[in-house]
Peer 1: 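I have a structure here, written as structure tokens, and I will follow up with some questions on it.
Within every chain, numbering begins at 1; the chains are lettered A, B, ... in the order of the sequence lines, protein sequences first and strands thereafter. Bear in mind that the values here come from a model prediction, so they are computed numbers and not experimental data.
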Protein chains: 2
Amino acid sequence: MRISELSRRSGVPNATIKFYLRKGLLPPGRATAATQAEYDETHLRRLRLIRALISVRGLTVNATREVLSAVSEHEADVHQVLGLALGAKRVDQDGEPDTQPGMSDVDALVARLGWQLSEHTPARGVIAETLETLRSLGTDFSWRALVPYAELAQRTAVLDLDQLKDTDDALERAERAVLLTVLLEPALLALRRMAQEHESAVRHGAIPGPSVPGPGGG
Amino acid sequence: MRISELSRRSGVPNATIKFYLRKGLLPPGRATAATQAEYDETHLRRLRLIRALISVRGLTVNATREVLSAVSEHEADVHQVLGLALGAKRVDQDGEPDTQPGMSDVDALVARLGWQLSEHTPARGVIAETLETLRSLGTDFSWRALVPYAELAQRTAVLDLDQLKDTDDALERAERAVLLTVLLEPALLALRRMAQEHESAVRHGAIPGPSVPGPGGG
DNA sequence: CATGACTGGAGAGTGGCAGTATCCATACTA
DNA sequence: TAGTATGGATACTGCCACTCTCCAGTCATG
């Protein structure tokens with residue numbers, strides 16, 4: 001398949017495909033001549049994934065490339081892929097991330113939860129920054145308030161990994177991990193907002209209904 | 001307080017404050033003359049909130065304005081504020097949102113959960129879009145798979161609303177709702193990623209540890 | 001009243017980024 | 001051999017979050 005067919009089948013304009021090739025989002029096709037290359041189904045699938053990450057999730061091109069290169073390089077180690085820089089957070093160039101204010105709170109939180117994480121997971125910085133911002137805004141929100149949220153996040157992670165169980169192929173598994181981790185993020189936040197609206201209405205007395213389904217937690 | 005002091009106390013450049021005033025993010029000060037206005041502590045607090053929403057959460061200026069105007073207009077009705085267009089999703093101009101593909105799945109999901117929501121909550125569209133994207137990518141992910149996620153989201157919402165219980169002042173309450181809803185979003189996603197990494201390591205056999213804390217769910 | 005610093009407001013300019021358009025030498029295709 | 005398509009490079013567009021510049025009006029001081 002050449003670039004025009006790739007464009008036709010994906011709905012992505014020719015020029016945009018070239019742009020993604022240039023940016024390293026899409027691996028180059030198998031060159032058959034100086035100005036000719038052959039693309040296959042994996043390119044098509046990759047291209048659709050790129051569009052989803054960029055337009056649905058709203059990732060930047062750079063963040064998308066990092067995610068995808070992680071998928072390609074660590075196909076087998078899904079648990080390595082999952083902790084990646086998926087938030088498109090800007091980095092504070094060459095500064096020790098450990099010196100970031102609020103990071104000790106994150107360490108305390110992680111220790112309390114008993115989580116074993118790689119030291120340089122960018123997610124740590126995100127949490128530190130959030131806590132610091134909340135503090136600067138004058139709230140009394142501390143890392144302890146995050147503990148119950150973290151336990152719910154852990155159950156969410158259990159659901160996530162359960163979704164991966166029935167996939168054997170390494171590449172497919174890694175791609176599915178990305179889909180479930182990254183693409184589901186806006187949906188999960190939307191679910192939270194809807195649940196807030198419902199729960200708020202319930203507490204307001206307007207609507208009868210159980211506050212929390214299932215056992216425990218409440 | 002005049003604009004320079006506002007700038008000094010918030011750390012936001014003079015020109016940027018003017019920009020926010022022009023864009024309607026920051027309400028104008030009390031005019032004392034044709035070229036003179038007086039700002040107070042609420043402006044300072046609002047300004048810090050704006051910076052947090054834009055730089056920490058990554059909202060666009062327009063999305064931030066919508067959130068803030070909602071806070072101002074519905075100070076008392078927190079449950080109205082919570083369901084808002086916080087995701088900075090682009091809208092498909094003048095199209096009936098009900099005609100969006102996948103929306104019937106969202107209706108089924110909401111019905112299954114027993115949630116009572118306003119009809120035009122933008123969160124519905126986000127979920128529909130996500131489901132549609134996952135379908136177009138060839139996964140077998142249906143709305144039923146979202147049910148357990150939604151139940152966890154509901155517990156998260158319970159935590160969120162609990163955080164608001166001890167606040168009486170309407171404006172403070174609405175602002176706190178925004179903080180917890182919007183500003184916490186990146187942190188919650190980060191918690192999920194960290195939990196995924198931990199859970200994946202546990203399942204991989206590398207680390208001993210309980211899969212899920214607390215009762216139920218597992 | 002004169003002078004200079006400051007103010008609010010408006011328009012233009014900047015830099016970054018995603019995507020698009022144009023060229024060009026080359027390569028298939030009729 | 002003429003016409004179309006390709007890959008690659010470069011330049012351009014449009015959007016957006018600022019940021020700069022200018023201006024008349026205002027205030028503080030002498």
Side-chain angles (χ1 to χ4, degrees), chain A residues 1-40 43-44 47-68 87-91 93, chain B residues 1-40 43 47-68 87-93:
Chain A
M1 169 186 352
R2 284 166 299 182
I3 199 173
S4 290
E5 187 177 350
L6 197 58
S7 170
R8 216 177 316 117
R9 287 227 268 159
S10 64
V12 178
N14 205 297
T16 304
I17 296 177
K18 288 185 178 183
F19 172 70
Y20 290 155
L21 285 167
R22 228 179 306 143
K23 291 289 187 178
L25 295 194
L26 198 61
R30 184 178 54 85
T32 62
T35 68
Q36 220 75 22
E38 186 73 12
Y39 305 95
D40 57 24
H43 290 89
L44 182 58
L47 187 51
R48 287 204 246 254
L49 180 56
I50 291 169
R51 287 306 308 163
L53 293 179
I54 289 179
S55 75
V56 175
R57 173 50 227 271
L59 287 188
T60 68
V61 164
N62 283 339
T64 304
R65 181 179 52 241
E66 288 176 25
V67 170
L68 294 177
K89 302 301 292 185
R90 57 236 150 276
V91 289
Q93 53 266 17
Chain B
M1 147 182 20
R2 284 164 303 181
I3 199 173
S4 290
E5 188 176 350
L6 197 57
S7 170
R8 217 179 313 115
R9 288 226 267 158
S10 65
V12 178
N14 206 297
T16 304
I17 296 177
K18 288 184 178 183
F19 172 72
Y20 291 155
L21 285 167
R22 232 178 304 149
K23 291 288 187 178
L25 294 193
L26 198 60
R30 185 177 53 85
T32 61
T35 67
Q36 220 75 23
E38 186 72 12
Y39 305 96
D40 56 25
H43 289 89
L47 186 51
R48 286 204 248 255
L49 180 55
I50 291 169
R51 287 307 307 163
L53 293 180
I54 288 179
S55 76
V56 175
R57 171 53 227 269
L59 288 189
T60 67
V61 164
N62 283 339
T64 304
R65 181 181 51 241
E66 287 176 26
V67 170
L68 293 178
K89 302 301 292 186
R90 57 238 149 275
V91 288
D92 295 332
Q93 52 264 18

Peer 1: Using the side-chain contact (heavy atoms from CB on, under 4.5 Å) rule, take Leu26(A) and Phe19(A) through it: C-alpha gap first, then chi angles, then the decisive distance, then the call.
Peer 2: CA-CA 9 Å; Leu26(A) 198 61; Phe19(A) 172 70; over 6 Å; no

Peer 1: Closer than 4.0 Å, any side-chain N/O of Tyr20(A) to the OP1 or OP2 of dG7(D)?
Peer 2: no

Peer 1: Looking across every strand, which nucleic acid part, if any, lies under 4.0 Å from Ile54(B) by heavy atom: base, sugar-phosphate, or nothing?
Peer 2: sugar-phosphate

Peer 1: How many Å lie between CZ on Arg30(B) and P on dT7(C), as a whole number?
Peer 2: 16 Å

Peer 1: Please state whether the phosphate of dC18(D), meaning OP1 or OP2, lies under 4.0 angstrom from any side-chain nitrogen or oxygen of Arg51(B).
Peer 2: yes

Peer 1: Give the residues of residues 1-17 of chain A touching DNA chain D, defined as any heavy atom closer than 4.0 Å, sorted by residue number.
Peer 2: Arg2(A), Ile3(A), Ser4(A)

Peer 1: Start with the C-alpha distance between Val12(B) and Ser7(B), add both sets of side-chain angles, then the distance that settles side-chain contact (heavy atoms from CB on, under 4.5 Å), and finish with yes or no.
Peer 2: CA-CA 5 Å; Val12(B) 178; Ser7(B) 170; 5.7 Å; no

Peer 1: Evaluate Leu25(A) against Ile54(A) for side-chain contact (heavy atoms from CB on, under 4.5 Å), listing each step before the verdict.
Peer 2: CA-CA 11 Å; Leu25(A) 295 194; Ile54(A) 289 179; 4.1 Å; yes

Peer 1: Suppose we screen for side-chain contact (heavy atoms from CB on, under 4.5 Å). Which residues come up paired with Thr35(B), at least two apart in sequence or across chains?
Peer 2: none

Peer 1: What is the separation between atom CG on Asn62(A) and atom C1' on dG19(C), rounded to the nearest whole Å?
Peer 2: 14 Å

Peer 1: Let me know the distance between NZ of Lys23(B) and P of dA17(D), rounded to the nearest Å.
Peer 2: 7 Å

Peer 1: Starting at atom CG of Leu25(B), determine the distance to atom C1' of dC16(D), rounded to an integer number of angstrom.
Peer 2: 13 Å

Peer 1: Take the protein atom OH of Tyr39(A) and the nucleotide atom C1' of dG8(D), then report the distance between them rounded to whole Å.
Peer 2: 10 Å

Peer 1: Taking all non-hydrogen atoms of both residues into account, name the closest pair between Arg65(B) and Lys23(B) and its distance.
Peer 2: NH1-O, 2.7 Å

Peer 1: How long is the line joining CG of Leu47(B) and P of dC18(D), in whole Å?
Peer 2: 11 Å

Peer 1: Once you round it to whole Å, what is the distance between P of dT10(D) and CG of Leu21(A)?
Peer 2: 16 Å

Peer 1: Quick one: side-chain contact (heavy atoms from CB on, under 4.5 Å) partners of Leu68(A), sequence neighbours excluded?
Peer 2: Arg46(A), Leu49(A), Ile50(A), Leu53(A), Thr64(A)

Peer 1: Each nucleotide N or O in nucleotides 23-27 of chain C that has a protein N or O under 3.5 Å away: list the pair and distance.
Peer 2:
from	atom 1	to	atom 2	distance (Å)
dT26(C)	O2	Thr35(A)	OG1	3.1
dA27(C)	O4'	Thr35(A)	OG1	3.2

Peer 1: Run the side-chain contact (heavy atoms from CB on, under 4.5 Å) test against Ala52(A) and tell me which residues pass, sequence neighbours left out.
Peer 2: Leu183(A), Thr133(B), Leu137(B)

Peer 1: Taking side chain as C-beta onward, heavy atoms only, is Pro27(A) less than 4.5 Å from His43(A)?
Peer 2: yes

Peer 1: Provide, to the nearest angstrom, the distance between the CZ atom belonging to Arg22(A) and the P atom belonging to dG7(D).
Peer 2: 13 Å

Peer 1: Which residues pass the side-chain contact (heavy atoms from CB on, under 4.5 Å) test with Arg9(A), sequence neighbours left out?
Peer 2: Met1(A), Glu5(A), Glu41(A), Leu44(A)

